[in-house]
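Working notes for the structure below.
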Protein chains: 2
Amino acid sequence: MDSCPGNGPKSQYQAVRDTLDVVSGRWKLVILAALFARPFRFRELSREIGITPRILTKELQELEQHQLVSRTVLDTRPVTVEYACTAHSRTLLPVVQAMSDWGYLHHEVVVGQKRPDDPARPSNLGAH
Amino acid sequence: MDSCPGNGPKSQYQAVRDTLDVVSGRWKLVILAALFARPFRFRELSREIGITPRILTKELQELEQHQLVSRTVLDTRPVTVEYACTAHSRTLLPVVQAMSDWGYLHHEVVVGQKRPDDPARPSNLGAH
DNA sequence: CTGTATCCCGTAAGATACTG
DNA sequence: CAGTATCTTACGGGATACAG
């Protein structure tokens with residue numbers, strides 16, 4: 001209420017910062033985007049998005065601490081681990097969706113052309 | 001469509017990455033959030049969000065290169081410079097809005113209480 | 001006031017190899 | 001397969017002082 005009417009002026013920035021603190025780096029939102037589609041096993045996820053094991057481990061641990069991914073050890077032979085999104089992480093879907101949408105848009109603006117496999121802008125994030 | 005039905009599987013991650021490449025770091029989206037409310041002068045913006053001049057310069061330059069902020073030199077004495085959001089940057093509003101919303105939500109979840117000045121969740125981003 | 005110039009540090013993140 | 005251990009590099013980002 002210092003300069004602009006209405007409410008929560010600076011806390012608005014703080015809210016953005018709070019979110020950035022949780023999904024910082026250039027991997028967490030990509031990981032979540034993948035897990036929104038379907039669960040993945042460790043190695044599978046690693047290859048899917050092109051991230052090295054070391055980084056993936058760290059990112060997944062941080063996401064787990066924030067209740068944004070679930071880790072399930074499957075009783076297979078050899079043991080496999082499945083990572084999936086959580087109810088809480090699903091509240092981040094609008095963020096990921098908005099970023100995904102904008103990524104397409106910006107690509108068109110900058111490159112001036114659409115991507116090959118882009119029928120009519122999917123939006124199939126929560127479609128598993 | 002390697003594994004999941006529908007369309008654009010991996011390009012979805014790529015779209016998120018494209019966006020992250022543009023708004024990376026923990027300042028650009030905060031800067032845009034501020035400029036969505038109203039234009040700011042350099043020093044004013046620096047103080048508003050608590051960022052040092054050096055970083056602010058760099059961030060603004062990068063945003064300018066992506067056509068996400070406009071820089072206007074005002075003929076005052078001494079000279080002042082006004083930064084404002086652009087038409088293109090306004091397309092990022094959903095991203096910033098989603099992040100802002102989630103920041104509030106997450107704060108409530110984690111801290112278990114709302115902020116002082118939070119009547120009913122504002123959403124006054126594009127309200128200038 | 002609007003920036004720039006240094007100096008400096010912590011950490012994100014990649015490469016590679018290895019263990020259970 | 002799921003992860004860990006090092007080692008290394010790049011860069012984001014802060015402090016401070018200075019210039020136009």
Side-chain angles (χ1 to χ4, degrees), chain A residues 3 13-14 16-35 38-66 68-84 99, chain B residues 3 13-14 16-35 38-66 68-84 99:
Chain A
S3 52
Y13 317 146
Q14 192 54 46
V16 174
R17 296 193 64 167
D18 288 346
T19 301
L20 288 174
D21 285 343
V22 175
V23 296
S24 61
R26 67 169 183 283
W27 284 118
K28 294 195 186 63
L29 288 177
V30 176
I31 291 172
L32 286 178
L35 296 183
R38 68 175 177 89
F40 278 88
R41 284 178 295 107
F42 186 86
R43 211 64 171 186
E44 194 183 16
L45 181 56
S46 170
R47 276 188 279 265
E48 176 80 3
I49 64 180
I51 184 177
T52 60
R54 196 190 91 89
I55 307 299
L56 182 55
T57 298
K58 199 193 50 151
E59 300 292 294
L60 285 173
Q61 285 174 352
E62 291 175 15
L63 287 171
E64 215 186 331
Q65 286 175 2
H66 287 285
L68 294 175
V69 300
S70 66
R71 180 179 180 277
T72 309
V73 179
L74 301 177
D75 194 10
T76 55
R77 202 225 77 231
V79 164
T80 56
V81 180
E82 188 175 86
Y83 290 92
M99 282 215 173
Chain B
S3 51
Y13 318 145
Q14 192 54 47
V16 175
R17 296 194 63 166
D18 287 346
T19 301
L20 288 173
D21 285 343
V22 175
V23 296
S24 62
R26 66 170 185 281
W27 285 118
K28 294 194 185 66
L29 289 177
V30 176
I31 291 172
L32 287 177
L35 296 182
R38 68 175 177 88
F40 279 87
R41 283 178 297 107
F42 186 86
R43 209 63 170 186
E44 194 181 16
L45 181 56
S46 170
R47 277 188 279 265
E48 178 79 4
I49 63 179
I51 184 177
T52 59
R54 195 188 92 88
I55 308 297
L56 183 55
T57 298
K58 200 193 49 153
E59 301 292 294
L60 285 173
Q61 285 174 352
E62 291 174 15
L63 287 171
E64 217 185 328
Q65 287 175 1
H66 287 286
L68 294 175
V69 301
S70 67
R71 180 179 181 275
T72 309
V73 179
L74 301 177
D75 194 10
T76 54
R77 201 226 77 234
V79 164
T80 56
V81 180
E82 189 174 87
Y83 291 91
M99 283 216 171

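Note that the coordinates shown come from a computational prediction; the quantities given were computed from them, not determined experimentally. First the proteins, then the strands, lettered A, B, ... as listed; each starts at 1.
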Whole Å only: how far is the [atom1] atom of [X] from the [atom2] atom of [N]?
X	N	atom1	atom2	answer
L56(A)	dG3(D)	CG	C1'	10 Å
D21(B)	dC11(D)	CG	P	13 Å
I49(B)	dG13(D)	CD1	P	11 Å
L60(B)	dG12(D)	CG	C1'	16 Å
E82(A)	dG3(D)	CD	P	12 Å
R41(A)	dC1(D)	CZ	P	7 Å

| task | Specify the closest pair of heavy atoms between E82(B) and L74(B), including all atoms of both residues, with the distance to one decimal. | result | CB-CD1, 4.1 Å
| Would you call I31(B) and L56(B) a side-chain contact if the rule is heavy atoms closer than 4.5 Å? | yes
| Is any side-chain heavy atom of R17(A) closer than 4.5 Å to a side-chain heavy atom of W27(B)? | yes
| task | Indicate, with a heavy-atom threshold strictly under 4.0 Å, whether R71(B) touches base, sugar-phosphate, or nothing. | result | sugar-phosphate
Check whether any side-chain N or O of [X] sits under 4.0 Å from OP1 or OP2 of [N], and answer yes or no.
X	N	result
Q61(A)	dA2(D)	no
Y83(B)	dC1(C)	no
R47(A)	dC1(D)	yes

| message | Using only atom types and a distance under 3.5 Å, with no angle test, would you say the side chain of T57(B) pairs donor to acceptor with the backbone of P53(B)? | response | yes
Restricting both atoms to N or O, compile the protein contacts to nucleotides 11-15 of chain C shorter than 3.5 Å, with distance only.
from	atom 1	to	atom 2	distance (Å)
dA13(C)	OP1	R26(A)	N	2.9
dA13(C)	N7	R54(A)	NH2	2.7
dG14(C)	OP1	R26(A)	NH2	3.1
dG14(C)	OP2	W27(A)	NE1	3.3
dG14(C)	O6	R54(A)	NE	3.2

| field | Option passing side-chain hydrogen bond (donor to acceptor under 3.5 Å, both in side chains) with Y83(B) (candidates E44(B), R41(B), R71(B)) | value | R71(B)
| Do I51(B) and V30(B) pass the side chain to side chain contact (heavy atoms under 4.5 Å, CB included) test, and can you show the C-alpha distance, the side-chain angles, and the key distance before you say yes or no? | CA-CA 10 Å; I51(B) 184 177; V30(B) 176; over 6 Å; no
